[in-house]
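Starting off with a structure, shown below.
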Amino acid sequence: KAQIKDFIAQIAPIAQEAHKELGKVLPSVAVGMACVECGYGTAGSCKHHSYLGHKVGSGNTATKYWSGKFFTSKTSEEYTVGVHTTINAAFRAYDSMKQCVFNFYELLNTNIYKGVEAGTDYKKQMKQIKAAGYMTSSTEVNSVISIIEKYGLTTWDNLEAQAPAMPKPIPVLYTAGRTYTLKSNM
């Protein structure tokens, strides 16, 4: 349980920052997907700072947030509902969690994901991301939605949610130009 809370507390502000800079995908969606893709930060891919299951794919040229580094790993794909196939795949490797999250936002702003709409709710975005081909699992959309709801991840969708509260104004106790006498409480 602590691992889950710690992972969310670590990745959510980064997703919020990426959303503020690159827009479109809600932070709750990015965090929920990361929770599923890397088992709340416990998967072997995390040693490569790969939290969102980004495969190298055909876009194997470096981008602003991905240097071109990768690692290979076995993964289960579900090309036909209910039929799981284990393959070796090349996954993107990063130098930090921030690079991974920002590359996710960068990727979802490409033409492949033009069907993913900004300003919509997390359920609709998850279905749009699935329809665009990000994942093959027939259950991942519902898994991510369940995690978003279970851990209240939509609170991160409000870009002001984590901003420090403004201090309350100090009440005026004295008036300029008046003379006051200091008395001791002794």
Side-chain angles (χ1 to χ4, degrees), residues 4 7-8 10-41 43 45-46 49-61 63-66 70 73 75-85 87 89-92 94 97-162:
I4 295 168
F7 179 72
I8 291 170
Q10 186 179 12
I11 200 166
I14 298 170
Q16 201 174 40
E17 182 185 345
H19 180 260
K20 193 172 187 175
E21 186 174 317
L22 300 170
K24 196 172 180 176
V25 179
L26 294 168
S28 61
V29 169
V31 174
M33 287 180 68
C35 289
V36 169
E37 290 285 349
C38 75
Y40 302 97
S45 62
C46 297
H49 297 289
S50 182
Y51 304 96
L52 284 148
H54 302 158
K55 291 187 183 82
V56 170
S58 60
N60 58 2
T61 55
T63 67
K64 182 175 179 183
Y65 298 105
W66 178 57
F70 67 94
S73 181
T75 186
S76 178
E77 299 296 336
E78 186 182 8
Y79 303 113
T80 304
V81 176
V83 180
H84 297 271
T85 305
I87 64 166
F91 290 89
R92 295 178 181 209
Y94 302 92
M97 180 182 277
K98 184 174 181 173
Q99 279 184 341
C100 175
V101 173
F102 272 70
N103 184 232
F104 173 76
Y105 277 81
E106 185 178 49
L107 178 67
L108 269 75
N109 276 299
T110 62
N111 281 337
I112 298 168
Y113 297 96
K114 64 184 172 197
V116 179
E117 300 171 21
T120 188
D121 67 74
Y122 63 94
K123 291 179 182 178
K124 190 171 182 181
Q125 275 194 345
M126 279 305 305
K127 290 174 186 166
Q128 292 167 342
I129 291 167
K130 166 72 173 155
Y134 190 88
M135 75 275 294
T136 62
S137 169
S138 62
T139 60
E140 188 165 345
V141 168
N142 289 334
S143 296
V144 172
I145 289 170
S146 294
I147 287 168
I148 290 169
E149 293 171 351
K150 181 176 182 177
Y151 296 105
L153 300 181
T154 57
T155 58
W156 293 95
D157 294 343
N158 175 357
L159 295 180
E160 306 306 316
Q162 302 306 313

Minimal non-hydrogen separation, V144 against V29, with atom names: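 Distance-wise, the nearest heavy atoms are CG1-O, 4.3 Å.
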Is any side-chain heavy atom of M33 closer than 4.5 Å to a side-chain heavy atom of V25?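 With C-beta onward as the side chain, the pair stays apart.
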Over 60° means perpendicular and under 30° means parallel, so tell me whether Y134 and F104 are parallel, tilted or perpendicular.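 Ring orientation of Y134 relative to F104: perpendicular.
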Minimum-distance pair of heavy atoms, taken over all atoms of G32 and I148: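 Shortest heavy-atom contact: CA-CG1, 4.4 Å.
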Calculate, to the nearest 0.5 Å, the distance between atoms CG and NE2 belonging to D157 and H19 respectively.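 Between atom CG of D157 and atom NE2 of H19 there are 7.0 Å.
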For S137, check side chain to side chain contact (heavy atoms under 4.5 Å, CB included) against everything at least two apart and list the hits.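 Side chain to side chain contact (heavy atoms under 4.5 Å, CB included) list for S137, sorted by chain: E78, T139, E140.
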Residues, nucleotides or ligands: over 12 heavy atoms within 6.0 Å of F70 CZ: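 Incorrect, the count does not exceed 12.
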So do Y79 and I87 actually touch side chain to side chain, heavy atoms under 4.5 Å?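 SC-SC contact between I87 and Y79 confirmed.
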Kindly indicate whether the side chain of Y51, heavy atoms from C-beta on, has any atom under 4.5 Å from the side chain of S45.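 Contact flag for Y51/S45 side chains = no.
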Test item: Q16 side-chain N/O and N158 main-chain N/O as donor-acceptor pair under 3.5 Å: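 Yes, because the side chain of Q16 sits within donor-acceptor range (under 3.5 Å) of the backbone of N158.
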Distance (rounded to the nearest 0.5 Å) between E37 CD and T75 OG1: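 Those atoms lie 7.5 Å apart.
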List the atom of L26, the atom of Q125, and the distance in Å for their closest heavy-atom pair.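 For L26 and Q125, the tightest heavy-atom pair comes out as N-OE1, 2.9 Å.
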Spacing of K127 atom NZ and D121 atom CG [to the nearest 0.5 Å]: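 Atom-to-atom, K127:NZ and D121:CG are 8.0 Å apart.
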Counting N and O atoms only, with roles assigned by atom type, does the side chain of Y122 sit under 3.5 Å from a partner on the main chain of I145, one being a donor and the other an acceptor?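 Answer holds: no.
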For the residue pair I11 and W156, establish whether any side-chain heavy-atom pair is separated by less than 4.5 Å.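 SC-SC contact between I11 and W156 ruled out.
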To the nearest 0.5 Å, what is the distance between SG (C35) and NZ (K150)?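 With rounding to 0.5 Å, SG (C35) is 10.5 Å from NZ (K150).
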Any non-hydrogen side-chain atom of I4 less than 4.5 Å from a side-chain atom of Y151?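 Yes, their side chains come closer than 4.5 Å.
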Just wondering, more than 12 heavy atoms not from K98 lying within 6.0 Å of its NZ?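 Atom NZ in K98 is not crowded, with 12 or fewer foreign heavy atoms closer than 6.0 Å.
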Nearest atoms (heavy-atom pairs only) where V36 meets S143: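 Where V36 meets S143 most closely, the heavy atoms are CG2-CB, 4.1 Å.
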Is there a side-chain contact between I14 and F102 in this structure, where contact means two heavy atoms from C-beta onward sitting under 4.5 Å apart?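 In short, these two side chains touch, coming nearer than 4.5 Å.
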Without swapping roles, check the side chain of K24 against the backbone of L108 for a donor-acceptor pair under 3.5 Å.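 Yes: the side chain of K24 pairs with the backbone of L108.
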Under a 4.5 Å cut-off applied to non-hydrogen side-chain atoms, are P27 and Y105 in contact?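 Yes; the side chains approach each other to less than 4.5 Å.
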Residues in side chain to side chain contact (heavy atoms under 4.5 Å, CB included) contact with Y94, at least two apart in sequence or another chain: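 By the side chain to side chain contact (heavy atoms under 4.5 Å, CB included) rule, Y94 matches H49, H54, W66, R92, Q99, C100, N103.
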What are the two closest non-hydrogen atoms of A15 and V101, and how far apart are they?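 Scanning both residues completely, I find the closest heavy atoms to be CA-CG1, 3.8 Å.
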Which pairs count as side-chain hydrogen bond (donor to acceptor under 3.5 Å, both in side chains) when at least one residue sits in residues 107-120, sequence neighbours excluded?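 Applying side-chain hydrogen bond (donor to acceptor under 3.5 Å, both in side chains) to every pair that reaches into residues 107-120, excluding sequence neighbours, yields E117-Q128.
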Sub-3.5 Å donor-acceptor pair from the side chain of E106 to the main-chain atoms of L22, do we have one?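 Answer holds: no.
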